[in-house]
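Structure first, commentary second.
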Amino acid sequence: MAPQTRRRAFPNVIIERDTDSEQSSSEEDEEEEEEEDPQTVEEDERLVSDNAEKDEVGSEAKRKGKAPITISLKKVCKVCKKPGHEAGFKGATYIDCPMKPCFLCKMPGHTTMTCPHRVATEYGVIPAPHRNASNPLEYVFERQLRPSIRPIKPAYVIPDEVNCAVIRYHSRRVTCLEFHPTKNNILLSGDKKGQIGVWDFRKVCEKMVYENIHSCITNNMRFNPTNDEMIYAASSDGTVSCTDLETGLSLSLMNLNPDGWQGPNSWKMLYGMDINLDKGLVLVADNFGFLHLVDARSNNKTGEAILIHKKGSKVVGLHCNPVQPDLLLSCGNDHFARIWDMRRIEAGSSLYDLAHKRVVNSAYFSPLSGRKILTTAQDNRLRIWDSIFGNMDSPSREIVHSHDFNRHLTPFKAEWDPKVIVLWKVIHPESLAVIGRYISENYNGAALHPIDFIDVSTGQLVAELMDPNITTISPVNKLHPHEDVLASGSSRSLFIWRPKENSEPMEEKDKIKIVVCKTSEKKRGRKSGDDSDDSDNEAFNSKVKKFTSKKPDWKLSRCPQ
DNA sequence: AGTCGATGGCTCC
DNA sequence: TGGAGCCCCTCGAC
């Protein structure tokens with residue numbers, strides 16, 4: 001076959017401009033009128049190529065000559081690539097592309113700015129028919145059975161002020177948090193690198209991170225209920241670890257990848273984890289849909305893996321019922337949360353399958369009665385089932401909330417407040433949940449991502465927490481089991497929130513409450529003798545200044561060496 | 001200041 | 001059922 005010349009000369013270049021921007025020549029205007037749908041440069045090159053091929057055979061094309069390349073300088077929407085509108089940040093407010101469904105509620109016809117769910121979180125939420133069913137008698141009864149329940153306290157004490165923090169505590173983003181069950185000021189944090197931090201937030205500057213427990217993401221941590229100095233952790237490296245918090249010595253209970261890396265199709269990762277105290281079992285679930293059981297006494301794997309979700313799908317959450325531990329709740333990427341009876345669990349034997357429209361990030365029984373279920377799904381909805389003894393065909397309520405996340409973030413999980421709420425002498429146990437928000441809010445000119453407290457019995461937003469210093473998203477949040485304290489993990493940093501109303505005047509020695517950890521991993525090519533912490537502070541402060549003119553309430557300090 | 005990379009889930013074929 | 005391509009209000013390193 002004779003070789004064909006595709007292009008003999010580079011075609012003309014025509015530049016399109018916005019009519020309201022710079023001047024256009026009359027020739028260009030004509031071209032613009034002919035061009036109904038402006039193309040990007042790449043698309044035009046493709047068209048040119050097509051046209052050039054036609055040149056070889058088409059007489060009309062020959063008469064017209066080379067098709068010109070059109071470089072469009074018209075402003076187009078970065079989301080839908082169409083002209084006439086733009087998506088993106090205007091100052092601290094994000095403008096959605098109107099051609100797309102609402103980013104918040106996923107319905108077409110409006111954008112996030114005008115979404116009724118943004119105006120009122122409880123919009124469209126049907127109040128539960130028996131939401132005040134828990135009566136004082138029941139509470140007294142419950143206290144009799146469970147004397148560990150704290151005394152009655154005022155309603156909704158929200159920890160709403162950053163009390164202390166460590167900026168860049170971890171070297172990668174925080175993935176999970178856990179409060180020590182008996183030492184009230186100890187917070188454990190896992191990160192994407194597989195490390196586990198043990199932080200005493202009364203002694204802010206004392207940083208301790210165990211580095212050699214896992215080789216990648218720490219997905220879940222649980223304290224050993226019989227020995228609260230031991231912590232179990234499940235990781236994407238396919239192992240379950242048991243670590244002594246005093247010594248940092250770690251034991252691997254199970255390794256699902258004994259032959260090492262054989263490619264992504266066979267590498268097993270562990271996500272969901274919980275402990276069944278009655279049976280002395282550590283339960284973990286993998287990314288292929290299987291549940292694995294480890295005997296907590298012998299630290300050995302027991303029995304065969306059980307398929308509890310769609311084969312090949314990730315099981316991200318496990319939770320044993322706090323009152324009846326034989327009831328297991330699981331959730332995963334097959335869009336289901338499932339309830340199981342541990343006494344006779346096998347593939348397909350679930351008691352209930354709770355359907356969701358998208359991946360379920362988390363599913364938790366309510367912490368006191370274990371009767372309610374709260375799930376977080378990637379369709380931007382929290383779902384509440386008011387009673388596991390009632391109708392489980394559909395949730396009692398769906399609350400639209402922004403947590404559909406970017407893949408580079410830790411998945412958002414709504415978590416119950418483990419404490420009891422009393423309002424007007426009526427007990428509202430298990431009604432408060434906390435979850436970070438993905439979409440930002442314009443807060444005095446700053447784009448901040450609040451942490452939301454939601455009354456799940458009504459869908460009402462009770463409080464939204466933000467601080468001008470925290471410009472990153474806070475997907476990981478944990479409420480303290482006894483105190484009015486919230487811990488949040490945002491990017492690599494840890495924050496402790498306490499109620500503003502309870503805050504006492506700080507002593508001078510406590511004023512260094514926000515510390516910046518040294519970034520030691522990489523040198524940035526600076527002169528020796530420079531103080532990296534100072535530059536870190538400057539960088540952080542300049543970032544804050546960029547977002548807000550409001551003076552930060554707290555001051556960045558360097559951790560004493 | 002701009003670019004790049006890590007990398008999950010969904011849709012389509 | 002599996003792979004390609006697309007979606008991208010991130011974050012931090014370079």
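Per chain, numbering begins at 1; letters A, B, ... match sequence-line order. Every heavy atom of this structure was used, including side-chain atoms; hydrogens, water molecules and symmetry mates were not.
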Rounded to whole Å, how long is the line connecting atom CG of A/Leu448 with atom P of C/dT10? 13 Å

Rounded interatomic separation in angstrom, taking NZ from A/Lys106 and C1' from C/dC9: 11 Å

For C/dC8, take OP1 and OP2 only and decide whether either is under 4.0 Å from a side-chain N or O of A/Lys78. no

Using a cut-off of less than 4.0 Å, is there contact between a side-chain N or O of A/His335 and OP1 or OP2 of B/dG9? no

Partners of A/Lys90 by salt bridge (charged side-chain N to carboxylate O under 4.0 Å, His left out), sequence neighbours excluded? none

Name the residue from A/Leu461, A/Ile451, A/Leu465 that meets the side chain to side chain contact (heavy atoms under 4.5 Å, CB included) definition with A/Arg437. A/Leu461

With the side chain defined as heavy atoms from C-beta on, A/Ile473 is closest, among B/dA6, C/dC9, C/dC11, to C/dC11

Nearest-Å distance, CZ (A/Arg173) to P (C/dC11)? 11 Å

Taken in chain and number order and not counting sequence neighbours, the residues that satisfy salt bridge (charged side-chain N to carboxylate O under 4.0 Å, His left out) with A/Asp237 are none

Hey, would you say the A/His319 and A/Trp340 ring centroids sit under 6.0 Å apart? no

Between the side-chain atoms of A/Ser440 and the base atoms of C/dC9, is any donor-acceptor pair under 3.5 Å? yes

Counting just side-chain N and O atoms, does A/Arg492 come under 4.0 Å of either OP1 or OP2 of C/dA13? yes

Compute the ring centroids of A/Tyr438 and A/Phe405, then answer whether they are less than 6.0 Å apart. no

Walking DNA chain C from its 5' end, the first of A/Asn265 and A/Asp96 to be reached, judged by nearest nucleotide, is A/Asn265

Counting just side-chain N and O atoms, does A/Lys311 come under 4.0 Å of either OP1 or OP2 of C/dT1? no

Distance between the P atoms of B/dC12 and C/dC8, in whole angstroms? 15 Å

Indicate, with a heavy-atom threshold strictly under 4.0 Å, whether A/Phe405 touches base, sugar-phosphate, or nothing. nothing

When rounded to whole Å, the OH to P distance for the pair A/Tyr271 and B/dG8 reads 6 Å

Of all the nucleotides listed (C/dC9, C/dG12, B/dG8), which has the minimum atom distance to the side chain of A/Thr472? C/dG12

Ignoring backbone atoms, establish whether A/Asn333 has a side-chain N or O less than 4.0 Å from OP1 or OP2 of B/dG9. yes

Please round to the nearest 0.5 Å and tell me the distance separating atom CG of A/Asp160 and atom CZ of A/Phe453. 8.5 Å

Measure the distance from NE2 on A/His403 to C1' on C/dC9 and round it to the nearest whole Å. 15 Å

Nearest whole Å is fine: how far is C/dC6 C1' from A/Lys100 NZ? 9 Å

Protein-nucleotide distance (A/Leu409, atom CG; B/dG8, atom C1'), rounded to Å: 11 Å

Base, sugar-phosphate alone, or nothing: which one does A/Thr112 contact when heavy atoms must sit under 4.0 Å apart? base

Expressed as a whole number of angstroms, how long is the span from A/Arg358:CZ to C/dC7:P? 14 Å

Please compare A/Val359 and A/Lys192 by the position of their nearest nucleotide in DNA chain B and report the one closer to 5'. A/Lys192

